[in-house]
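No hydrogens, no waters, no symmetry mates; every other heavy atom, side chains included, goes into these values. Just so we're on the same page: letters track the sequence lines, and every chain starts at 1.
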There are 2 protein chains.
Amino acid sequence: MAKGIPIATIARLPVYLRALRLLSERGVNLVSSEVLASSTAVRPTKLRKDLSYLGSYGVRGVGYDVDYLTHQISRAMGLTQNWPVVLIGIGNLGQALAGYGGFSSRGFQIKALLDADHTKIGTVVGGHAVRHISELERVVAENSNCIAVLAVPEDVAQAICDRVVNAGVTSILNFAPTVLQVPAQVQLRKVDLSIELQILAFYEQRKSINTTTLSNPA
Amino acid sequence: MAKGIPIATIARLPVYLRALRLLSERGVNLVSSEVLASSTAVRPTKLRKDLSYLGSYGVRGVGYDVDYLTHQISRAMGLTQNWPVVLIGIGNLGQALAGYGGFSSRGFQIKALLDADHTKIGTVVGGHAVRHISELERVVAENSNCIAVLAVPEDVAQAICDRVVNAGVTSILNFAPTVLQVPAQVQLRKVDLSIELQILAFYEQRKSINTTTLSNPA
DNA sequence: GGCTGTGAAAAAGTTCACAGCT
DNA sequence: AGCTGTGAACTTTTTCACAGCC
């Protein structure tokens with residue numbers, strides 16, 4: 001338990017959390033690695049290995065207590081505290097994010113919506129008033145350790161990112177289709193719509209190739 | 001070149017493509033692995049290794065021709081053809097996706113927008129008229145090898161997914177916060193907004209821990 | 001001299017096989 | 001008997017070191 005949780009495991013824990021919540025809502029309070037794995041598209045052994053990095057929270061011969069395991073994963077992920085989120089860019093995507101229920105229910109609290117468009121300032125989106133981007137530095141100062149979510153146009157993304165970093169933010173989730181440059185101490189993750197499509201295209205293409213050539217039985 | 005391109009490499013090629021396009025727009029037509037790597041947040045050796053799976057498209061002592069490399073990566077990814085895309089669910093997120101320029105410019109063509117909400121049918125979003133979900137099967141039949149993008153509510157995601165699969169789609173990009181069950185031959189990728197946030201929270205939490213305890217020098 | 005291409009080594013991640021507990 | 005937990009084997013991915021070509 002002591003050492004470090006592998007990066008690959010970290011990326012899967014939220015998926016387990018989601019499946020556990022669903023089970024809990026259905027009144028299930030005990031689950032085997034086999035059942036939990038099948039609802040998260042991983043193999044049971046991988047699931048058990050992942051969970052073993054957190055500790056021994058299952059019961060041999062029985063399974064895992066759904067709520068207890070949920071709590072343990074949440075704790076390991078740092079989700080027992082509430083993380084302030086500042087959402088920048090209130091276009092269609094920003095509005096979708098502002099209204100996304102998955103944030104508040106998972107330890108994230110939107111603290112401010114910021115946009116540069118004066119016609120949007122003061123309008124209410126997802127229960128929050130939109131404020132002007134000029135307030136960025138103040139908002140970040142008021143919310144220590146906040147996470148910045150960037151849903152801004154590609155051409156201003158790096159500039160906004162720089163401001164966010166200078167204001168002291170060390171965790172950024174970027175939706176703009178750009179590779180942002182940040183200092184090493186800043187954690188940056190990106191969600192890229194077209195990249196995922198391109199990866200699908202590759203596999204779709206490969207399917208056609210496989211049906212017309214002899215190669216690649218896998 | 002012949003064998004298979006590693007999965008990890010496939011996931012990075014679209015990032016290289018994006019950086020190459022940017023360079024091309026700026027009039028740069030020759031680039032070293034060092035420069036290209038720095039604008040994609042990978043190390044030069046990894047970039048060269050990735051490219052080496054496609055073939056030997058660089059020139060030693062010189063670098064890579066931007067347009068030529070762009071073409072070769074596009075070809076390897078199957079992006080020289082146009083992929084039809086059917087977008088299902090025209091809420092805020094669906095509208096953001098429908099208006100996202102990154103699709104058309106990268107070999108993807110939206111063929112239909114579908115939604116269940118009758119008040120939306122006929123409205124035009126991103127240049128496409130919204131059609132009723134009942135047309136799903138017809139639309140899929142008319143667009144062979146199309147990619148389905150699901151931006152539907154969580155509670156109907158699996159049902160829509162099943163319909164899409166039954167209609168013959170073998171590539172799905174899911175934005176709903178659910179783990180979908182699909183047959184093995186169907187490629188499924190997901191984009192999950194809250195999972196990315198949770199991963200950030202983990203690293204943000206770890207930062208605070210590291211400054212207050214002795215553990216984990218890495 | 002400079003930069004690519006690539007085997008070989010190292011590291012990370014996954015799967016296996018079974019010990020260990022209830 | 002049943003299901004977890006985990007060292008060990010295996011596979012994939014990354015990094016290194018340097019040969020090869022312009």
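Rounded to whole Å, the distance from CG on B:Asp50 to C1' on D:dT15 is 12 Å. One can place OH of A:Tyr53 at 9 Å from C1' of C:dA12, the figure rounded to the nearest angstrom. Per the geometry, CZ belonging to A:Arg48 stands 16 Å off P belonging to C:dC21, to the nearest Å. Here D:dT11 presents its C1' atom at 11 Å from CD1 of B:Ile7, a figure rounded to the nearest Å. The nearest whole Å value for the distance from the NZ atom in A:Lys46 to the P atom in D:dA9 is 21 Å. The nearest whole Å value for the distance from the CZ atom in A:Arg60 to the P atom in C:dC18 is 16 Å. Here the C1' atom of nucleotide C:dT22 and the CG atom of A:Asp65 are 15 Å apart, to the nearest Å. Following rounding to the nearest Å, B:Glu34 (CD) and C:dG1 (C1') show an atom-to-atom distance of 15 Å.
When the shell of 6.0 Å around CD of A:Glu34 is examined, it contains 12 or fewer heavy atoms from other residues, nucleotides or ligands. At most 12 non-hydrogen atoms from other residues, nucleotides or ligands lie less than 6.0 angstrom from CZ of A:Arg43.
In this model, the phosphate group of C:dG5 is approached by a side-chain N or O of B:Tyr64 to a distance below 4.0 Å at OP1 or OP2. One finds no side-chain N or O of A:Ser32 lying less than 4.0 angstrom from the OP1 or OP2 phosphate oxygen of D:dC3. For the pair B:Arg43 and D:dT15, the criterion of a side-chain N or O lying under 4.0 Å from OP1 or OP2 is met.
Aromatic pair B:Tyr64/B:Tyr57: ring centres not closer than 6.0 Å.
Not one N or O on the side chain of A:Lys190 forms a donor-acceptor pair closer than 3.5 Å with the backbone of A:Thr178.
If you check C:dT22, D:dT6, C:dT14 against the side chain of A:Val59, the one that comes closest is C:dT22. Comparing atom distances between the B:Pro6 side chain and each of C:dG13, C:dT15, D:dT13 picks out D:dT13 as nearest.
Mapped onto DNA chain C by nearest heavy atom, A:Thr45 and B:Val62 fall at different nucleotides, with B:Val62 at the one closer to the 5' end.
No side-chain heavy atom of B:Ser33 sits under 4.5 Å from any side-chain heavy atom of B:Leu36.
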